[in-house]
Protein chains: 2
Amino acid sequence: MGSVKTPYRSDALRSAHRIAQDLHAAGAIDKATMRRFDVSCLTPVEELRPEAIRAIRETAQMSQAIFAMALNVTTSLVSKWERGEKKPGGPSLKLLALASRKGIDAIL
Amino acid sequence: MGSVKTPYRSDALRSAHRIAQDLHAAGAIDKATMRRFDVSCLTPVEELRPEAIRAIRETAQMSQAIFAMALNVTTSLVSKWERGEKKPGGPSLKLLALASRKGIDAIL
DNA sequence: TGAACCATAGCACAAAGTACCATATTTTTC
DNA sequence: GAAAAATATGGTACTTTGTGCTATGGTTCA
């Protein structure tokens, strides 16, 4: 299940974004309050192809071993990701998305 | 496995930190180069008790549902974490550690 | 020659994470 | 006040991520 398919994870969040839109349009809301309702500020998480994962790592100029430590996973797993043997799951995809969009420093 | 027990994940990283120490002491190394060898700059990841996880979420002033979206996991799982029914794994612990040490904004 | 880093590869296995549901409590909204 | 929606718990069944271990070959450097 792609994080792309369902913008809201089939939960009690159907109107979260709509409410935030209204509040945001209405006036000034501090980011802390906003956060409680709005979800559009989240880093988009999409599925990553093996080459994309490798690209993220090579952009960071890291070996698989070091990269794995940064993500707190095993070297074995990073290798499997890059060869398409396994696909990163929810939390892993989030970390990879952060590294990809905000730079590797964001997760160090 | 506990990220605390083995500083280096039983990999070919036995001397990574030592080498970095030497190089760093030797003179000026840009952060990019440093990163390849040194691991001491990583956010420490320790196991979290259920209450600690809830504390992180409540500090962020988020519902379980929103918090789950931020971590790209299901609401069900966050609930289980906070009740001790399940324990966050490698990548999840990293995200929680980032949120705990650098603030929730670090993972949005 | 060998010590160390790098990446691939395979296997077995525990448990993390998912999906779905029902229920109860609180908060919001009209 | 009642209706509606958000919140959190609880449980069950299932998938497969992620771990751990070991072996291999290629590369670099002393």
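As the structure is a computational prediction, the values presented were derived from the model and not from experiment. Residue numbers start from 1 in every chain, and the chains themselves are labelled A, B, ... in the order their sequence lines are given, proteins ahead of strands.
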Legend entry - Length of the line joining B:Glu85:CD and C:dT18:P, which is rounded to integer Å: 14 Å
Inset, instruction - For D:dG10, take OP1 and OP2 only and decide whether either is under 4.0 Å from a side-chain N or O of B:Arg83. - result: yes
Inset, instruction - May I ask you to decide whether A:Arg49 forms a salt bridge with A:Glu82, counting only side-chain N to carboxylate O separations under 4.0 Å? - result: no
Inset, instruction - Round to a whole Å and report the spacing from CG of A:Leu93 to C1' of C:dG17. - result: 13 Å
Inset, instruction - Starting from the C-alpha separation in whole Å, work towards a yes-or-no answer on salt bridge (Lys or Arg N to Asp or Glu O under 4.0 Å) for A:Arg83 and A:Glu51. - result: CA-CA 8 Å; A:Arg83 281 179 288 129; A:Glu51 315 87 51; over 6 Å; no
Legend entry - Phosphate OP1/OP2 of D:dT7: any B:Arg57 side-chain N/O under 4.0 Å: no
Legend entry - Short side-chain N/O contact from A:Trp81 to OP1 or OP2 of D:dT17, under 4.0 Å: no
Inset, instruction - Considering non-hydrogen atoms only, spot the tightest contact between B:Leu93 and B:Pro88 and give its length. - result: CG-O, 3.6 Å
Inset, instruction - Please tell me if the side chains of B:Val78 and B:Ile53 come closer than 4.5 Å, counting only heavy atoms from C-beta onward. - result: no
Legend entry - Euclidean distance, atom CG of residue A:Asn72 to atom P of C:dA16 [Å, nearest integer]: 14 Å
Inset, instruction - Answer yes or no: does a side-chain N or O of B:Ser63 lie under 4.0 Å from OP1 or OP2 of D:dT7? - result: yes
Legend entry - Spacing between B:Phe67 atom CZ and C:dG17 atom P, to the nearest angstrom: 13 Å
Legend entry - Atom-pair distance (CG on A:Leu77; C1' on C:dC11), nearest Å: 15 Å
Legend entry - Gap between atoms CE and C1', on A:Met69 and C:dC6 respectively (whole Å): 16 Å
Legend entry - Residue-phosphate contact under 4.0 Å: A:Ser79 side-chain N/O, C:dA7 OP1/OP2: no
Inset, instruction - Looking at every strand, decide which applies to A:Lys87 at a 4.0 Å heavy-atom threshold: base, sugar-phosphate, or nothing. - result: sugar-phosphate
Inset, instruction - Look at the side-chain N and O atoms of B:Gln64 and state whether any lies under 4.0 Å from the OP1 or OP2 oxygen of D:dA6. - result: no
Legend entry - Contact summary for B:Asp105 and A:Lys102, nearest pair of heavy atoms: O-NZ, 3.6 Å
Inset, instruction - Round to a whole Å and report the spacing from NZ of A:Lys86 to P of C:dA9. - result: 15 Å
Legend entry - Distance in angstrom units between A:Lys80 NZ and D:dT22 C1', rounded: 12 Å
Inset, instruction - Could you tell me whether the phosphate oxygens of C:dT8, OP1 or OP2, come under 4.0 Å of any side-chain nitrogen or oxygen in A:Arg54? - result: yes
Legend entry - side-chain N/O A:Ser76 vs D:dT19 OP1/OP2, d < 4.0 Å: no
Legend entry - Residue A:Glu82, side-chain atoms from C-beta onward, closest of C:dT8, C:dA16, D:dT17: C:dT8
